[in-house]
2 protein chains.
Amino acid sequence: MTWPEETALLTDLYQLTMTEAYLEEGMWDEAVFSLFARKLPPRRNYLLAAGLDDALRYLEKLRFGTEALDWLASRGRFSDRLLGWLERFRFSGDVDAVAEGTPVFAEEPLLEVRAPLPEAQLVETYLLNQVHFQTTVASKAARVVTAAAGRHVMDFGLRRYHGTDAGLKVARAAYVAGVDSTSNVLAGKTYGIPLAGTMAHSYVQSHDDELEAFRAFVRVHPNATLLVDTYDTLRGVQHVIRLARELGEDFQVRSIRLDSGDLLALSKAAREMLDEAGLEQVRVYASGGLDEDAVAKLVARGAPIDSFGVGTAMGVSSDAPAVDMAYKLVAYAGRPRVKLSSGKLLLPGAKQIYRREVDGVARGDVLTCRQDTAPGRPLLQPVMRGGQRLPEASPTLEAIREFARSELSRLPPEIRALSPAKPPYPVALGQALLRAREHEVELWSAAT
Amino acid sequence: MTWPEETALLTDLYQLTMTEAYLEEGMWDEAVFSLFARKLPPRRNYLLAAGLDDALRYLEKLRFGTEALDWLASRGRFSDRLLGWLERFRFSGDVDAVAEGTPVFAEEPLLEVRAPLPEAQLVETYLLNQVHFQTTVASKAARVVTAAAGRHVMDFGLRRYHGTDAGLKVARAAYVAGVDSTSNVLAGKTYGIPLAGTMAHSYVQSHDDELEAFRAFVRVHPNATLLVDTYDTLRGVQHVIRLARELGEDFQVRSIRLDSGDLLALSKAAREMLDEAGLEQVRVYASGGLDEDAVAKLVARGAPIDSFGVGTAMGVSSDAPAVDMAYKLVAYAGRPRVKLSSGKLLLPGAKQIYRREVDGVARGDVLTCRQDTAPGRPLLQPVMRGGQRLPEASPTLEAIREFARSELSRLPPEIRALSPAKPPYPVALGQALLRAREHEVELWSAAT
């Protein structure tokens with residue numbers, strides 16, 4: 001099986017068993033589900049929304065093919081009614097969403113799905129899987145980009161991301177957040193993200209000595225980035241300088257890469273040695289277990305590093321590898337729905353987010369009932385109607401990245417900063433929403 | 001493109017540029033690369049090896065198809081020599097590996113690849129991507145299984161794992177580590193893992209009241225697991241008891257699920273209420289942000305929970321979402337290779353791991369040069385020769401799981417425990433390996 005047939009089964013068993021029950025009960029009324037973060041991780045002042053493009057593609061393409069249906073039938077546990085319905089399945093609903101690249105906060109829907117209950121239920125797992133992960137990584141990557149303060153950032157971590165899909169989606173989400181390039185060749189092909197690459201220690205090790213390795217590599221790749229820390233970083237820099245003397249005007253090496261040790265001291269020493277040798281044009285790359293804190297520290301201390309290769313910590317979102325994000329029923333058959341589970345109180349009904357900006361800086365959001373209004377810019381916009389993606393909901397990746405840059409630049413500086421903002425960004429609840437929640441809670445308390 | 005064609009480009013750019021240089025230089029000699037963890041995360045006493053099956057499948061199937069080659073050619077940066085070589089690429093090398101389900105420690109190779117340098121280099125990214133991730137998750141899941149102390153554990157977290165491939169591979173790695181079932185339907189189809197599922201809050205919310213929701217669900221799924229915490233957990237339990245009275249002998253509900261609140265107090269109260277109502281056969285499931293520490297605490301305090309639904313924390317390996325694992329050149333053209341980068345000193349040459357057991361308990365490992373011997377059982381075994389997987393290297397998933405169970409049971413109790421073991425499990429370096437490292441370091445120090 002290939003996507004999307006295989007993807008149809010990438011769901012939780014209970015989506016199928018609940019759908020089966022909905023079909024038996026004839027529960028075809030319209031449901032509204034809201035996808036949002038219940039709270040932000042301790043070191044996140046905002047989340048950067050990402051993953052909508054994959055969510056909409058899934059809703060447009062989702063089909064249950066013969067192989068999937070045959071396998072389900074062979075389980076002997078699913079009714080013919082369910083199997084027949086799955087065979088005919090086409091998502092027919094509506095989606096409203098914040099644009100990818102929008103900063104969002106706790107309780108604010110990243111997207112809302114409005115569809116007959118069985119359809120809206122069935123798609124939960126995949127929508128959350130993609131939006132949760134891409135948003136988690138975009139939010140982490142935005143911090144790395146902030147820390148780099150305008151210096152280049154390269155995504156180098158495919159080898160330690162969580163599987164193949166993560167490898168692709170990290171490259172995409174990080175690019176949305178402002179990362180400049182990726183080492184992932186398939187991400188270059190799939191998304192048109194600029195590719196970056198240097199050389200590995202194995203290349204140097206496989207040659208008889210480091211200088212010979214550098215000579216050999218630039219014969220094939222004259223404007224290479226040479227990795228200098230295989231044996232001794234500053235001797236590596238000396239070998240680069242010696243190579244420059246050997247090659248004279250043919251020396252086109254673009255940069256060196258430091259990958260271990262005290263990157264502040266080594267980058268300063270390397271820069272000085274290169275400058276003294278008249279190699280001011282050779283740039284200094286740094287990598288090796290970097291996260292936003294390490295990058296910020298290097299930048300603050302004036303490390304002469306032009307480009308940061310960031311990998312594992314960014315793409316697994318090391319300090320917050322998951323966000324408490326959920327996809328919750330907020331209305332069914334025209335009535336708002338709540339959930340009172342301890343610590344997980346739900347806001348009922350379809351919603352809208354209004355963002356108020358003064359002099360180009362976001363001052364606060366108001367979360368309202370969908371039909372309500374508030375001052376500011378409404379962030380949830382129609383992106384799919386009747387199962388069809390709207391033409392305006394297919395921005396290019398470059399447009400998404402530029403939008404994210406612009407949106408992030410409007411956040412107050414303390415919200416963009418790496419440290420926890422005190423107070424956090426203000427999100428108020430609209431009066432009608434507060435009343436709706438109170439009303440539903442009272443109804444349930446009376447009923448039970 | 002579909003797998004494996006698409007997967008061919010799921011690599012770092014530098015694998016292609018280095019390969020290009022190797023081809024130009026005629027560097028066809030045999031290389032040995034070793035895949036190992038440089039160190040263990042603070043809260044891991046061992047790693048549980050996983051991911052070998054995907055690694056071997058990749059090596060057997062890897063081909064560069066027309067679409068990939070055309071796209072690479074269109075970049076205008078790759079030589080015809082490289083493109084021609086990629087077109088003809090078949091992995092022709094040998095692999096030795098520890099069996100999936102083997103506990104391993106820092107510096108111990110999970111696998112070693114022996115092949116002409118360009119082949120062994122090119123496959124680095126995918127091998128690490130799969131072995132690193134599956135090992136990371138299997139190691140976390142083994143802790144959850146230990147904490148559960150024989151009670152059932154279900155993988156419930158697909159929605160918050162890192163993409164689609166992670167969803168599948170978590171289910172697999174967790175099953176290897178002893179988790180009993182998964183909610184992931186595709187993992188059930190792909191790997192034959194038992195499926196588990198309950199119901200979501202949305203099902204309860206979409207009905208007019210909770211009892212009506214329970215009634216409706218068991219009409220379709222008589223032996224369901226009913227989720228009782230949507231409004232008030234103990235009232236939810238009362239509704240289950242009332243349903244039992246209504247249905248009499250037709251009541252076949254298998255279990256209830258608690259998903260929020262004080263799971264210790266609620267499970268005790270729920271168990272008591274069920275028992276008083278004569279419903280001793282109804283089991284109690286618990287879920288909701290559980291990790292191994294929460295599970296261990298519940299078990300230690302005697303929570304009457306029969307089955308734990310564990311998700312996000314397990315599948316993103318929340319406290320250690322990555323391991324410092326690498327794929328390093330240790331020999332080329334018959335000569336051991338080292339790397340002296342600060343903090344990343346490499347052990348030269350192909351290796352073997354000997355595990356010494358006394359009375360069925362592992363007492364310590366010796367890491368040796370491949371040809372060297374030591375007392376105990378050698379863990380690295382041939383799994384691929386000349387690009388062909390050996391027949392004995394295709395165990396069933398059930399066999400891998402049983403092997404893991406047996407291997408884990410032979411670890412000393414303090415190593416299997418959740419707390420950091422002091423001292424850690426002993427791994428000694430063989431004399432010949434120590435001498436080889438000294439020798440290489442001296443050679444390089446003299447040369448540079």
Side-chain angles (χ1 to χ4, degrees), chain A residues 2 9-14 17-18 20-21 24-25 71 117 125 128-129 132-133 158-160 162-167 169 183 185-186 189 195 197-203 205-206 216-217 220-221 229-231 235 260-261 312 316 318 321-322 329 332 337 339-344 444 448, chain B residues 2 9-14 17-18 20-21 24-25 71 117 125 128-129 132-133 158-160 162-167 169 183 185-186 189 195 197-203 205-206 216-217 220-221 229-231 235 260-261 312 316 318 321-322 329 332 337 339-344 444 448:
Chain A
T2 58
L9 296 185
L10 198 76
T11 189
D12 292 299
L13 178 63
Y14 76 11
T17 53
M18 286 191 289
E20 201 165 24
E24 293 296 330
E25 298 168 67
W71 185 80
L117 180 57
T125 308
L128 252 180
N129 176 276
H132 168 269
F133 177 55
L158 170 57
R159 63 191 58 193
R160 290 197 206 90
H162 289 188
T164 58
D165 190 42
K169 303 300 167 57
S183 67
V185 179
L186 187 59
K189 175 173 186 293
L195 290 176
T198 64
M199 71 197 313
H201 296 109
S202 54
Y203 186 84
Q205 291 172 272
S206 63
F217 202 69
V220 182
H221 302 291
D229 79 324
T230 304
Y231 305 114
R235 280 191 214 171
S260 56
T312 311
V316 306
S318 52
L329 182 75
Y332 177 63
R337 305 278 162 160
K339 168 173 173 265
L340 311 178
S341 318
S342 165
K344 297 178 178 177
W444 280 104
T448 53
Chain B
T2 58
L9 295 185
L10 198 78
T11 188
D12 293 298
L13 178 63
Y14 76 11
T17 53
M18 286 191 290
E20 201 166 23
E24 293 295 329
E25 299 168 67
W71 185 80
L117 180 56
T125 308
L128 253 180
N129 176 276
H132 168 269
F133 176 55
L158 170 57
R159 64 191 58 193
R160 290 197 206 91
H162 288 189
T164 57
D165 189 42
K169 303 301 166 58
S183 67
V185 179
L186 186 59
K189 176 174 185 295
L195 290 175
T198 63
M199 72 196 315
H201 297 108
S202 53
Y203 185 84
Q205 291 173 270
S206 63
F217 201 69
V220 183
H221 303 290
D229 79 324
T230 304
Y231 306 113
R235 280 192 214 171
S260 57
T312 311
V316 306
S318 54
L329 182 75
Y332 177 63
R337 305 278 161 160
K339 169 171 171 268
L340 311 177
S341 319
S342 163
K344 296 179 179 177
W444 278 104
T448 51

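Predicted model, so just to flag it, every value in this text is computed and none were measured. Chain identifiers are assigned alphabetically (A, B, ...) following the order of the sequence lines, protein sequences preceding nucleic acid strands; residue numbering begins at 1 within each chain.
- Residues forming a side chain to side chain contact (heavy atoms under 4.5 Å, CB included) with Ala166(A) (at least two apart in sequence, or on another chain): Phe133(A), Tyr161(A), His162(A), His162(B).
- Within the 4.5 angstrom heavy-atom criterion, atoms from both the backbone and the side chain of Thr198(A) approach chain B.
- Partners of Thr17(A) by side chain to side chain donor-acceptor pair (under 3.5 Å), not counting sequence neighbours: none found.
- The greatest number of non-hydrogen atom pairs below 4.5 Å with chain A, out of Met199(B), Arg160(B), Glu24(B), Lys169(B), is found for Arg160(B).
- A pairwise comparison of heavy atoms in Ser318(B) and Pro321(A) identifies O-CG, 3.7 Å as the closest pair.
- Taking chain A as the reference chain and counting heavy-atom pairs below 4.5 Å, the highest number among Thr312(B), Thr125(B), Thr230(B), Val185(B) is found for Val185(B).
- Residues Gln205(B) and Tyr231(B) are in side-chain contact: their nearest non-hydrogen atoms beyond the backbone lie under 4.5 Å apart.
- Per-residue counts of heavy-atom pairs under 4.5 Å with chain B were compared for Asn129(A), Thr11(A), Leu128(A); the largest is that of Asn129(A).
- Among Ala322(B), Gly197(B), Ala21(B), the residue making the largest number of heavy-atom pairs under 4.5 Å with chain A is Ala21(B).
- Comparing Tyr14(B), Phe217(B), Tyr332(B) by heavy-atom pairs within less than 4.5 Å of chain A, the highest count is held by Tyr14(B).
- Note that the CE atom of Met18(A) and the NE2 atom of His221(B) stand 9.5 Å from one another [nearest 0.5 Å].
- Heavy atoms closer than 4.5 Å to chain B are found in the side chain of Leu117(A), but not in its backbone.
- Remark: Leu10(B) CG to Leu158(A) CG distance equals 5.0 Å, nearest 0.5 Å.
- Of the atoms belonging to Val316(B), heavy atoms from both backbone and side chain fall under 4.5 Å from chain A.
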